[in-house]
Amino acid sequence: MGKGKKGAKTAAGGEEDLDAILAEINAAEQKSQAKAAKKGKTTANGDKPANANGKAKEPVDDKSYLDEIAKMKPIDQQFPKHVYPVGQIHSYKIDADDRTAVNRETSEEKRALDSSFESTYNDIRRAAESHRQTREYVRSWIKPGMTMFDICERLEAHSRRMINESGLEAGLAFPTGCSLNNCAAHYTPNAGDKTILRESDVCKIDFGTHVNGRIIDSAFTLTFDNKFDPLLKAVEEATEAGVRAAGIDVRLCDVGEIIEEVMTSHEITLDGKTYTVRPIRNLSGHSIEPYRIHAGKSVPIVKGGEQTRMEEGEFFAIETFGSTGKAVVHDDMETSHYMLNFDADVTRCQGQLRVAKSKQLLNTIHKNFGTLAFCRRWLDRLGETKYLMGLKDLCDKGIVEPYPPLCDIKGCYTAQYEHTIVLRPTCKEVLSRGPDY
Ligand SMILES: [Co+2]
């Protein structure tokens, strides 16, 4: 999940949301319209899903995967001793004049400190193993022709099973991003979204898991046409460079500069036009704290960022986004992602809310998601209905924050790779590392 968008606000997101609210008010009418439109409708992509006969095909709402998933063992049952696989270990870089780095691995003090965090590391490693197994599962069946809605629902069903979801102690850390093409982040379908994954799409799968609030935030890019390979390679290498550069006392601006340098050393030719792959300058990585996906620090992906340093013990999502467009994102399309404002005093807010529906919705959000991000689909599955007005009320009052999709200019392509790392006292651990990326 990307920390998005400094000074890129437009009204577009808000207008789209107002449309959604009006649609909700006319729910009954909308339903009958949907029924009438069932024959010969187009997808949100503007394409008709075609079967072998070239006829428009209604995607079937096939939930048979639920039985298959129910038979799978959650991670905590796969590891009966409850000790989970360690991520990829990197030694800290040793400066010629600075011997502290080399000492970290052997220092008794640092080793003792490291041991004191073992249960936290074990929690987040369980979340990481869950993430790896879910993304492997997704790669085994995801293909063009499926709706983005079904893709997300199936991914999340598996993820809930692997993490052995249990209230706020273990679960999904944020909604499944599946942003397409020029959209870089924060798109997941809302109810009724018929968008279909196409052969020509560049899809960013960005999802999160957590155990006791220890979040794994990791993402990769899926394509079905190898013409996009140079774009994916540019972004994957840039993220790798960021992961390598990260370390205790490293300045955030230096990480950003290295990422930009690596990414822009790549180019891609599409339809006879050659593009330098550029990092999206108003997106960044971020520090992570318990139940707080975007903590205080941003990890820039271009040069000229803050000189603040990374510190011992911190968790970071190192993520980069490459684009063939303007390399700047703006709010676009209907909002799906929301999150309780971390600093909101929920009890006080409850007392101040006049509208019963807003009050009840805030209660549901607080109880089920706490300060973790959620989406409209997740309110739907909790049985919430006609909540858009209440949600808008909570957003207007600053209690809940909306996170609209972040898109570059139409027609361009964006890619993303992301890992969660921890700067342990003794070494750097790439928690979300897998055989895939
Ligand atoms: Co992120």
Side-chain angles (χ1 to χ4, degrees), residues 1-6 8 87 124 127-128 130-132 134-135 152 155-156 159 171-179 183-188 203-210 213-222 235-236 238-243 245-246 252 255-256 259 263 279-302 305 310 314-323 329 336-339 342 369 371-375 401-407 414-423 429-434 437:
M1 193 172 162
K3 185 171 196 304
K5 204 195 62 188
K6 266 170 257 154
I124 200 166
S130 187
H131 196 283
R132 278 188 289 272
T134 293
R135 67 202 199 214
C152 291
L155 183 156
E156 288 166 8
S159 192
L172 312 188
F174 54 84
T176 305
C178 54
S179 308
C183 285
H186 298 171
Y187 164 74
T188 202
C203 177
K204 282 71 66 181
I205 300 288
D206 187 351
F207 68 102
T209 51
H210 82 92
R214 298 295 173 171
I215 300 169
I216 289 292
D217 180 359
S218 181
F220 60 98
T221 301
L222 265 179
V235 181
E236 188 171 8
T239 296
E240 281 312 310
V243 165
L252 295 164
V255 180
I259 286 169
M263 197 177 308
I280 298 177
R281 66 170 185 259
N282 56 345
L283 289 177
S284 61
H286 46 95
S287 59
I288 305 176
E289 285 171 10
Y291 297 103
R292 190 174 204 179
I293 185 68
H294 294 153
K297 294 180 185 175
S298 293
V299 185
I301 60 177
V302 289
M310 293 178 149
E314 285 183 324
F315 291 78
F316 284 96
I318 304 292
E319 60 186 310
T320 78
F321 294 84
S323 176
V329 288
S336 55
H337 289 46
Y338 300 85
M339 190 163 63
F342 195 87
F369 312 119
T371 54
L372 296 171
F374 60 93
C375 60
E401 201 67 47
Y403 292 87
L406 300 170
C407 307
T414 64
Q416 174 198 19
Y417 279 90
E418 176 175 27
H419 275 300
T420 296
I421 67 167
V422 54
L423 302 178
E429 183 171 340
V430 187
L431 295 152
S432 51
R433 179 71 73 203
Y437 67 92

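Both ligands and their constituent atoms are indexed starting at 1 by order of listing.
At least 2.5 Å separates the SG atom of Cys203 from that of Cys178.
Summary: OE2 is the N/O/S atom of Glu418 found nearest to the Co ion (ligand 1). Closest N/O/S atom of Glu319 to the Co ion (ligand 1): OE2.
Note on Asp217: counted as a metal contact of the Co ion (ligand 1), an N/O/S atom lying under 2.8 Å. The Co ion (ligand 1) lies under 2.8 Å from an N, O or S atom belonging to His286.
Between Lys297 and Glu289, no side-chain nitrogen of the basic residue sits less than 4.0 Å from a carboxylate oxygen of the acidic one, so the salt-bridge criterion is not met.
Using the six-membered ring where Trp is involved, Phe374 and Tyr338 have ring planes that are parallel, under 30° apart on the 30 and 60° scheme.
A cation-pi arrangement is present between Arg135 and Tyr437, with the terminal nitrogen or guanidinium carbon under 6.0 Å from the aromatic centre and inside a 45° cone about the axis.
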